[in-house]
Participant: 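Structure below; questions to follow.
Counting convention: from 1, in listed order, for ligands and their atoms alike.
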Amino acid sequence: MAVSHLSEDEQALIEAIREIALERVAPRAAEIDHTGEFPWDMKELLAQQDILAMPFPSEYGGIGASELAIVMAIEELSRHCATTGLLLAVQQLGSTPILLAGNEKQKRKYLPPLASGEWMAAYGLTEAGSGSDAAAMRTVAVREGDRYILNGSKRFITNGGLAQVNSIFALTDPKIGTRGISAFIVEKDFPGFSVGRIEDKMGIKGSQTAELIFTDCEVPAENLLGREGDGFKIAMMTLDRTRPGIGAQALGIAQGALDLAVSYSKQRVQFGRPIADNQGIQFMLADMATKIEASRLLVYNVAEMIDRGERDFSKYSAMAKMFASDAAMEVTNDAIQILGGYGYMKEYPAERMMRDAKITQIYEGTNQIQRLVIARDLLE
Ligand SMILES: Cc1cc2nc3c(=O)[nH]c(=O)nc-3n(C[C@H](O)[C@H](O)[C@H](O)COP(=O)(O)OP(=O)(O)OC[C@H]3O[C@@H](n4cnc5c(N)ncnc54)[C@H](O)[C@@H]3O)c2cc1C
């Protein structure tokens with residue numbers, strides 16, 4: 001286990017989450033994957049246990065957990081069920097624009113119900129024609145008196161249609177590129193907000209991924225986050241802070257796959273002895289464990305940079321997300337190999353873990369985009 005600097009209270013909290021994950025989350029994971037239904041019971045569990053309150057300061061009803069504790073919580077949940085780990089990661093993703101750029105009135109209104117878990121949050125940046133190139137968005141917001149009128153749509157939005165609070169990015173001035181993007185808090189009950197297609201996915205099956213459609217959607221002007229033109233900066237600053245959470249999700253998935261591979265290899269007998277007695281299997285296990293430990297160090301390190309208030313952590317955040325997600329893909333693939341034919345069957349969780357791991361290389365910026373972030377920092 002990598003070195004960590006949690007307070008005693010937070011150590012106890014992570015210990016409690018580890019137990020909850022084992023006793024309450026693990027038994028639900030296969031069913032959530034099989035039915036593809038949003039796990040309301042897991043959302044309630046995380047709300048009741050104050051796990052969804054972790055990213056929020058105490059003055060807004062949260063428990064003001066450190067970033068390190070948040071990534072460790074996502075890791076522990078994802079070790080058994082990546083969809084459940086994502087509930088915490090996305091609560092943070094959708095709320096971070098408000099935490100970073102919200103004024104006091106906005107924070108007082110929106111953060112307490114998010115901290116209690118009564119409301120869920122979503123983050124709407126991606127569109128059909130703008131994924132990696134987020135600045136190519138087409139959704140527009142036109143000011144009319146005391147409100148903005150939004151037109152356009154967002155694609156692949158996690159918690160889309162379930163989240164009461166949506167941090168939405170739209171063009172207030174299409175002529176000036178990224179400086180013309182603004183951020184808004186959009187409630188799902190605002191007139192003109194609707195939900196389009198709900199995606200059928202390869203993994204994280206219980207997580208709802210939806211299209212959000214804005215048709216003359218009326219957003220009060222007071223729901224603008226920061227000033228007009230601040231949106232792109234808010235979007236990027238948010239991702240810098242939340243990518244470690246995706247690294248942690250990947251880390252948890254990989255740890256779960258290693259746990260499975262170790263126990264299976266000790267039990268499965270071929271040629272008269274456990275397969276774990278073969279050096280070929282031992283070398284695979286050793287490589288898997290080393291990749292996981294390296295991922296853990298990167299994820300915990302950047303979380304602690306954030307906790308220390310360091311400003312220049314974007315590169316480290318990208319490294320943590322990229323390395324941990326690539327490692328998770330390799331480790332889950334190896335876990336299937338170690339389980340042989342059984343690894344390919346739905347009877348064992350290895351194949352689910354591989355399907356779940358794949359998304360961590362794609363969302364919150366693909367790993368090609370993480371490499372661009374890292375290289376840009378090196379070359380500037
Ligand atoms: C399940 C799921 C949940 C998601 N949740 C959210 C969410 O909550 N909110 C949200 O806003 N978005 C969300 N997304 C969107 C996600 O962030 C995007 O899918 C991702 O950023 C990639 O965009 P794209 O799919 O349009 O791929 P594209 O940008 O079209 O990329 C296609 C391929 O080209 C590569 N590529 C693109 N540009 C470059 C380049 N300059 N150099 C090298 N390679 C490049 C990419 O790495 C990728 O391999 C989600 C996506 C999924 C699948």
Side-chain angles (χ1 to χ4, degrees), residues 32-33 36 38 74 78 82-97 120-139 150 152-171 181 183-186 188 195-214 225 231-232 234-243 245-247 249-250 253 317-318 321-322 325-326 328-329 352 355-376 379:
I32 292 169
D33 178 63
F38 182 81
I74 296 171
S78 304
T83 292
T84 303
L86 187 57
L87 292 173
L88 172 57
V90 176
Q91 195 74 344
Q92 184 181 31
L93 172 69
S95 307
T96 297
M120 287 190 288
Y123 174 93
L125 181 65
T126 304
E127 299 184 2
S130 90
S132 301
D133 184 9
M137 69 176 61
R138 305 278 287 274
T139 299
L150 265 63
S153 63
K154 295 287 169 183
R155 195 84 192 266
F156 298 161
I157 306 306
T158 304
N159 280 356
L162 304 177
Q164 185 70 21
V165 179
N166 301 272
S167 293
I168 300 295
F169 301 89
L171 292 163
I181 296 173
F184 299 90
I185 307 169
V186 182
K188 84 171 157 94
V195 181
R197 166 192 171 122
I198 299 194
E199 305 293 343
D200 184 8
K201 305 187 295 297
M202 169 181 177
I204 50 161
K205 301 277 274 187
S207 175
Q208 177 154 305
T209 312
E211 179 185 23
L212 302 181
I213 300 170
F214 311 101
L225 281 166
F232 195 72
I234 296 170
M236 295 303 122
M237 283 173 70
T238 295
L239 293 174
D240 280 345
R241 277 175 170 68
T242 57
R243 279 174 183 152
I246 300 305
Q249 187 190 28
I253 296 169
S317 183
K321 188 269 189 196
M322 178 191 88
S325 57
D326 284 350
M329 211 49 224
R352 181 188 82 232
R355 287 185 284 107
D356 287 347
K358 184 64 205 170
I359 189 58
T360 64
Q361 293 183 305
I362 295 171
Y363 60 14
E364 295 208 21
T366 66
N367 282 2
Q368 284 78 14
I369 296 305
Q370 308 310 318
R371 286 177 170 87
L372 287 183
V373 171
I374 297 163
R376 246 182 236 141
L379 298 171

Participant: Tell me whether Asp133 reaches ligand 1 (any heavy atom closer than 4.0 angstrom to a ligand atom).
Facilitator: no
Participant: So, Asp326 versus Gln361: side-chain donor-acceptor pair below 3.5 Å or not?
Facilitator: yes
Participant: Which residue supplies the protein heavy atom nearest to atom 39 (C) of ligand 1, what is that atom called, and how far is it?
Facilitator: Ile369 CD1, 4.1 Å
Participant: Side-chain contact test, heavy atoms from C-beta onward, threshold under 4.5 Å: evaluate it for Asn166 versus Tyr123 and give yes or no.
Facilitator: no
Participant: Which ligand 1 atoms are under 4.0 Å away from a heavy-atom of Glu364?
Facilitator: 17 (O)
Participant: Among all the protein's non-hydrogen atoms, which is closest to atom 20 (C) of ligand 1, and how far away is it?
Facilitator: Ile362 O, 3.7 Å
Participant: Look up atom CD in Gln249 and atom OG1 in Thr83, then write down how far apart they are to the nearest 0.5 Å.
Facilitator: 8.0 Å
Participant: How close does the nearest protein non-hydrogen atom get to atom 48 (C) of ligand 1, and which residue and atom is it?
Facilitator: Thr366 CG2, 4.1 Å
Participant: Give a yes-or-no answer on whether the side chains of Asn367 and Lys321 include a donor-acceptor pair shorter than 3.5 Å.
Facilitator: yes
Participant: Would you say atom 30 (O) of ligand 1 makes contact with the protein, given that contact here means a non-hydrogen protein atom less than 4.0 Å away?
Facilitator: no
Participant: Applying ring pair (Phe, Tyr, Trp, His ring centres under 6.0 Å), can you list everything that pairs with Phe232, at least two apart in sequence or on another chain?
Facilitator: none
Participant: Only heavy atoms count here, so choose which of Leu372, Ile359, Val90, Leu125 is nearest to atom 40 (C) of ligand 1.
Facilitator: Leu372
Participant: Answer yes or no: is there a donor N or O on one side and an acceptor on the other, between the side chain of Arg352 and the main chain of Gly203, under 3.5 Å?
Facilitator: no
Participant: Considering the heavy atoms of Ile157, write down every atom of ligand 1 situated less than 4.0 Å from one of them.
Facilitator: 7 (C), 8 (O), 9 (N), 10 (C), 11 (O)
Participant: Show your reasoning for whether side-chain hydrogen bond (donor to acceptor under 3.5 Å, both in side chains) applies to Ser153 and Glu127.
Facilitator: CA-CA 6 Å; Ser153 63; Glu127 299 184 2; over 6 Å; no
Participant: Please state which protein non-hydrogen atom is closest to atom 50 (C) of ligand 1 and give its distance, to 0.1 Å?
Facilitator: Phe156 O, 3.2 Å
Participant: To the closest 0.5 Å, what do you measure between CD (Glu364) and CG (Leu93)?
Facilitator: 4.5 Å
Participant: Quick one: nearest non-hydrogen protein atom to atom 10 (C) of ligand 1, plus distance?
Facilitator: Thr126 OG1, 3.3 Å
Participant: Heavy atoms only: which of Ser132, Gly131, Ala89 is nearest to atom 37 (C) of ligand 1?
Facilitator: Ser132
Participant: Between Arg155 and ligand 1, is there a nitrogen or oxygen pair with a distance under 3.5 Å?
Facilitator: no
Participant: Applying salt bridge (charged side-chain N to carboxylate O under 4.0 Å, His left out), name anything that partners Arg376, two or more places apart in sequence or on another chain.
Facilitator: none
Participant: What protein heavy atom sits nearest atom 9 (N) of ligand 1, and how far away is it?
Facilitator: Tyr123 O, 2.7 Å
Participant: Before accepting this row, confirm whether a basic side-chain N of the pair Lys205/Asp356 lies closer than 4.0 Å to the acidic partner's carboxylate O.
Facilitator: no
Participant: So, for atom 34 (O) of ligand 1, does the protein have a heavy atom nearer than 4.0 Å?
Facilitator: no
Participant: Which of the numbered atoms in ligand 1 are below 4.0 angstrom from a heavy atom of Lys201?
Facilitator: 1 (C)
Participant: Among all protein non-hydrogen atoms, which one is nearest to atom 3 (C) of ligand 1, and what is the separation to 0.1 Å?
Facilitator: Thr158 OG1, 3.3 Å
Participant: Starting from atom 44 (N) of ligand 1, which protein heavy atom do you reach first, and at what distance in Å?
Facilitator: Gln368 CB, 3.6 Å
Participant: Could you check if a side-chain atom of Leu171 sits within less than 4.5 angstrom of a side-chain atom of Thr139, using non-hydrogen atoms only?
Facilitator: no
